[in-house]
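Throughout, a chain's letter reflects where its sequence line sits, starting with A, and its residues are numbered from 1. Heavy atoms only: backbone and side chains are in, while hydrogens, waters and symmetry mates are out. On a predicted model such as this, the values are computed, not experimentally measured, just so you know.
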Amino acid sequence: MAAGLPSDEPRVCKPGFHGRVAAAVRLVPPGRVTTYGDVAGVLGSPRVARQVGWALAALPAGSDVPWHRVINAQGRISHRGELVRASEQRRLLEAEGVLFSDSGRLDLASLRWDWPELP
DNA sequence: TTGTTGACTCCCG
DNA sequence: CCGGGAGCCAACA
């Protein structure tokens, strides 16, 4: 096995699409949010918003990736069934100072983070 | 190799 | 405002 790269390491740490997603999301500062499409666009393909969400779903528990700062283009939380996940996401965002609307929607025009361009 | 799935987005009614 | 359908690409079995 290659030295310096333990096989126990999760795939998200390897150089791949999810790896870039994790790295990009990790650059999002507290109090700001971004959309799946934006992350995908910064990665080079605005069509791969699904893969961004899929990559976040593959993140290991306790990862240093602020997955809760990633929302859909509608300014709402994507739960896809797991409401527990959405509840925690909203809680984490509120803890960072992000305010939600009555319908559980937030102001993307104000909270959407402007990417400084990713290599 | 192919086929299926999916934390999305856009369009239409 | 909300719902349904189609398209897109990457990872997994």
Rounded to whole Å, how long is the line connecting atom CG of A/L83 with atom C1' of B/dA7? 12 Å

A/N72 CG to C/dC8 P, in whole Å, measures 21 Å

Could I get a table of every N or O pair under 3.5 Å where one atom is in the protein and the other is in nucleotides 1-4 of chain C?
residue : atom : partner : partner atom : Å
C/dC1   : OP2  : A/R105  : NH2          : 3.2

Between A/Q89 (side chain only) and A/V70 (backbone N and O only), is there a donor and an acceptor less than 3.5 Å apart? yes

Check the distance between C/dA11's C1' and A/L56's CG and give it to me in whole angstrom. 14 Å

A/V48 and A/L43, any side-chain heavy atoms less than 4.5 Å apart: no

Nearest to side-chain heavy atoms of A/W67, which nucleotide of B/dA7, C/dA11, B/dT9: B/dA7

Each residue besides A/V98 in its hydrophobic cluster should be listed here, by chain and number; the cluster joins Ile, Leu, Val, Met, Phe, Trp and Tyr at side-chain heavy-atom distances under 4.5 Å. A/V33, A/I71, A/I77, A/L93, A/F100, A/L106, A/L108, A/L111

Which part of the nucleic acid does A/A57 contact within heavy-atom distance under 4.0 Å: base, sugar-phosphate only, or nothing? base

Nearest-Å distance for atom pair CD/P, residues A/Q74 and B/dA7: 15 Å

Hey, which sits more toward the 5' end of DNA chain C by its nearest nucleotide, A/R47 or A/W54? A/R47

Say whether, by atom type as modelled, one donor and one acceptor occur between the side chain of A/R69 and the main chain of A/V28 under 3.5 angstrom. yes

Under a 4.5 Å cut-off applied to non-hydrogen side-chain atoms, are A/Y36 and A/L56 in contact? yes

A/H68 has an atom NE2; how far is it from atom C1' of B/dA7, in whole Å? 14 Å

Compare the minimum distances between each of B/dA7, C/dA11, B/dC10 and the side chain of A/H18, then state the nucleotide with the smallest one. C/dA11

Gap between atoms CG and P, on A/L93 and B/dA7 respectively (whole Å): 18 Å

To the side chain of A/Q89, which of B/dA7, C/dC8, B/dC10 is closest? B/dA7

Which residues satisfy the salt bridge (Lys or Arg N to Asp or Glu O under 4.0 Å) test with A/R32, sequence neighbours excluded? none

Step through the shown structure and confirm whether more than 12 heavy atoms of other residues, nucleotides or ligands are within 6.0 Å of CG on A/L83. yes

